[in-house]
Protein chains: 2
Amino acid sequence: MSVTTLHRPTHRDALSALSAAFERGELVTVFGRCTVDYDGRAASSLGPGDRLLILKPDGTALVHTDEQRTPVNWQPPGSEHRAAVRDGRLRVRSVRGNPDERLDVRFERVDQVSALPVTGGRSVDVYGSEEDLRQEILDDPDLVEPGFEPAATERQTAAGPVDLFGHDDEGRPVVVELKRRRVGPDAAGQLGRYVEALSREVPDGTEVRGVLVAPSVTDRARELLAEKGLSHVPLAPPAESSTAADTAASGDGGEPTTVGDSSSEPEDGAD
Amino acid sequence: MSVTTLHRPTHRDALSALSAAFERGELVTVFGRCTVDYDGRAASSLGPGDRLLILKPDGTALVHTDEQRTPVNWQPPGSEHRAAVRDGRLRVRSVRGNPDERLDVRFERVDQVSALPVTGGRSVDVYGSEEDLRQEILDDPDLVEPGFEPAATERQTAAGPVDLFGHDDEGRPVVVELKRRRVGPDAAGQLGRYVEALSREVPDGTEVRGVLVAPSVTDRARELLAEKGLSHVPLAPPAESSTAADTAASGDGGEPTTVGDSSSEPEDGAD
DNA sequence: GCCTAGGTCCCGTTA
DNA sequence: TAACGGGGCCTAGGC
């Protein structure tokens, strides 16, 4: 029910702990000196070093070094973890099909094995997404342009679903592509594909307009939009969406301690 | 020099361990009941639960639950980690600028704090990348089409750098876009942009051809290619690039133990 | 610093 | 199942 940790276990003991933890549906961390080999969509191999292996009960495997947000090697959810002792070393193998992929982590030394009973919420609602931008516009269509009237979201076309479809103040069909952040040439191309597809579904001679709603666009994207006769409306998702969690900075309780890069700035409790 | 672990430490002791570990440049894991709040490019908040927090000396912060490869919350490298005890609870705050972002993890209970001295290689060479595909073609240009002659890689155009540029057996300019895996409409659009840009840099009337080299393309992508007069050459990166690490399956040493989803298959030592 | 595109992208949704 | 597009994408390489 609580955390189980083995320090410098034998490889056999580490194996036992691993197996037991997984039967309990717990998350497992293994730290020690290991090599990592991956073969699947691509292939890689990593020489000996001390790294952190994380095994999740959903089949996820992560190998982390002391740098980067991205694991140096991994296996996605749905994989099957197997552990064994081979040649006196703990070997953790994570395998999946479709595509066929295999990750092998071979420990020559195990410093720590921990079994962590994870509970509680695992999904976050994120504010500031493209969906929030859509809602913002549906609440006030004039943000796109005066007289704009939304007709459908996710309207299907031969080129795929259009974020927002409607008509302008003169009744012309308008395709709106939404982006939560600054966009490059790809977004202009995407909008262009939708406009072209819709142009073919509409009576000959009917002009279909295209509007890219995004906080900003790069120069190249702007050129592309101009070439294709598309326009850009600068608009960002709302900063907050009702629920905020910003009630800090009250009451002391201990001097903050800076860790990591020792900044030269003076420390104080604020912010 | 080795692993340091605290079990059920007080919040103050956890704080001390954290600070000490970071001064030693070690990776830190914290497991316990916590809430997580993020505010930056977007915003989110996560209610109480038992989760694994990983703090790297390069400024990376990861909050993992028992599911998914992607952390439920995080902070990219370059952030600054600070820890403090507020209202009797351990609070880890990770902040960065450009963009301004903040991650707060507040523990109401700390089950374990570990400091892990990570060493050894942290970067992998991956085989099967787009670069390997390029090399494959440079070694044998006929793979694109008989008589194809490469002239430049990363050739600059107004629309950006072209993966591979050359001429066909009749001397016509050819733009080659490389993809390591099956591609969709976006790749067709990308190639189209390059072809169009190059057409403008070339004498009037000179036809610029476009070739998409990829293992396969989706139906929609195929249609787009056809519309734009572009072609597809089915070709994948080489399966292996000299260095292989596949010498397992020799010698027993212990019965493999299946952990995780208990598969009904009989276990044996092979593969 | 921004821009551009690749990635073992991951991930959810829909046809 | 495959395909398509979003993502706090992350990350590397240029300019």
Side-chain angles (χ1 to χ4, degrees), chain A residues 38-44 60-63 67-79 96 98-103 123-131 133-134 154 156-157 159-163 177-187 190 193-194 216-221 237, chain B residues 38-44 60 62 67-79 96-103 123-124 126-131 133-134 154 156-157 159-163 177-187 190 193-194 216-221 237:
Chain A
Y38 155 72
D39 194 13
R41 288 166 291 178
S44 71
T60 302
L62 307 169
V63 181
E67 290 184 344
Q68 300 284 67
R69 205 211 74 146
T70 306
V72 67
N73 279 111
W74 70 89
Q75 199 71 289
S79 307
R96 70 163 177 161
N98 197 354
D100 282 333
E101 295 197 296
R102 192 189 62 199
L103 180 72
S123 68
V124 243
D125 270 325
V126 174
Y127 309 122
S129 64
E130 178 179 309
E131 189 185 340
L133 179 56
R134 169 165 51 231
E154 302 293 310
Q156 293 300 322
T157 73
V162 166
D163 281 343
E177 174 65 26
L178 307 173
K179 294 294 175 189
R180 69 171 301 280
R181 58 173 187 165
R182 182 174 176 85
V183 299
D186 52 338
Q190 192 181 343
R193 292 202 299 276
Y194 294 149
S216 58
V217 303
T218 67
D219 287 348
R220 205 104 86 188
Chain B
Y38 155 72
D39 194 13
R41 287 166 292 177
S44 70
T60 301
L62 307 169
E67 289 184 345
Q68 301 285 62
R69 206 211 74 147
T70 306
V72 67
N73 278 113
W74 69 90
Q75 201 70 292
S79 307
R96 70 162 176 162
N98 198 350
D100 282 333
E101 297 197 294
R102 192 189 62 199
L103 180 72
S123 68
V124 244
V126 174
Y127 309 123
S129 64
E130 179 179 309
E131 189 185 339
L133 180 55
R134 169 165 52 231
E154 303 294 310
Q156 293 299 323
T157 73
V162 166
D163 281 343
E177 174 64 27
L178 307 173
K179 294 295 176 189
R180 68 172 302 280
R181 60 171 186 165
R182 182 174 176 85
V183 297
D186 51 339
Q190 191 182 343
R193 292 203 300 277
Y194 294 150
S216 58
V217 302
T218 67
D219 287 349
R220 207 106 86 189

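From a predicted model like this one, the values you see are computed outputs, not experimental measurements. So that the names make sense, note that chain A is the first sequence line, chain B the second, and so on, each numbered from 1.
For B/S216 and B/R182, the side-chain atoms include at least one donor-acceptor pair closer than 3.5 Å.
Between the CG atom of B/L133 and the P atom of C/dT8 there is a distance of 14 Å, given to the nearest Å. The distance between atom NZ of B/K179 and atom C1' of C/dT4, rounded to the nearest whole Å, is 11 Å. Atom CZ of B/R181 and atom P of C/dA5 are 16 Å apart (whole Å). In this structure, CD of B/Q68 is placed 13 Å from P of D/dG8, rounded to the nearest angstrom. One interatomic measurement links the two molecules: CG of B/D186 to C1' of D/dG7, which rounds to 15 Å at whole-angstrom precision. Between B/D163 atom CG and D/dA12 atom P there is a gap of 19 Å when expressed in whole angstrom units.
With D/dC10, C/dT8, C/dA5 as the candidates, the nucleotide lying closest to the side chain of B/R180 is C/dT8. You'll find that the side chain of B/Q190 is closest to C/dA5, out of C/dA5, D/dC4, D/dC9.
Nucleic acid contact for A/Q75: none, since no nucleic acid atom lies under 4.0 Å from a heavy atom of the residue. Residue contacts for A/R96: at a heavy-atom cut-off of 4.0 Å it reaches no nucleic acid atom on any strand shown. When heavy atoms are screened at a 4.0 angstrom cut-off, B/R220 is found touching the sugar-phosphate backbone but no base atom. A/A159 comes within contact range of the sugar-phosphate backbone alone, with a heavy-atom separation under 4.0 Å but no base atom that close.
Residues A/P77 and B/E131 both approach DNA chain C. Their nearest nucleotides, taken by heavy-atom distance, put B/E131 toward the 5′ side. Projected onto DNA chain D by closest heavy-atom contact, B/Y38 and B/P185 fall at different nucleotides, the more 5' of which corresponds to B/P185. Residues A/R69 and A/S129 each lie close to DNA chain D; by heavy-atom proximity, the contact nearer the 5' end of the strand is made by A/S129. In terms of position along DNA chain C, the nucleotide closest to B/T70 lies nearer the 5' end than the nucleotide closest to the other residue of the pair B/T70 and A/E154.
Side-chain N/O atoms of A/E130 and base N/O atoms of D/dG6 include no donor-acceptor pair closer than 3.5 Å. Residue A/N98 places no side-chain atom within donor-acceptor reach of the base of D/dT1, judged by atom type and a 3.5 Å distance cut-off alone. The base of D/dG8 lies close enough to the side chain of B/N73 for a donor and an acceptor atom to sit less than 3.5 Å apart.
Contact of the B/S79 side chain with the B/E101 side chain is not registered, since no non-hydrogen atoms from C-beta on lie closer than 4.5 Å.
Proximity of A/W74 to the phosphate of C/dC9: no side-chain N or O atom is located under 4.0 Å from OP1 or OP2. Between A/R41 and the phosphate of C/dC9, there is a side-chain N or O to OP1/OP2 separation shorter than 4.0 Å. Residue B/Y194 places at least one side-chain N or O closer than 4.0 Å to OP1 or OP2 of C/dA5.
The local environment of CD in B/E130 is crowded, with over 12 non-hydrogen atoms from other residues, nucleotides or ligands closer than 6.0 Å.
Rounded to whole Å, the C1' atom of D/dG6 lies 14 Å from the corresponding atom of D/dC10.
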Between the protein and nucleotides 13-15 of chain D, list the N/O to N/O atom pairs that are separated by less than 3.5 angstrom.
none

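Secondary structure note: stems in DNA chain D built from 3 or more consecutive Watson-Crick or G-U wobble pairs under 3.5 Å occupy C:1-7 with D:9-15, C:9-15 with D:1-7.
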Applying salt bridge (Lys or Arg N to Asp or Glu O under 4.0 Å), run through A/E154 and A/R134 and close with a yes or a no.
CA-CA 11 Å; A/E154 302 293 310; A/R134 169 165 51 231; 3.5 Å; yes

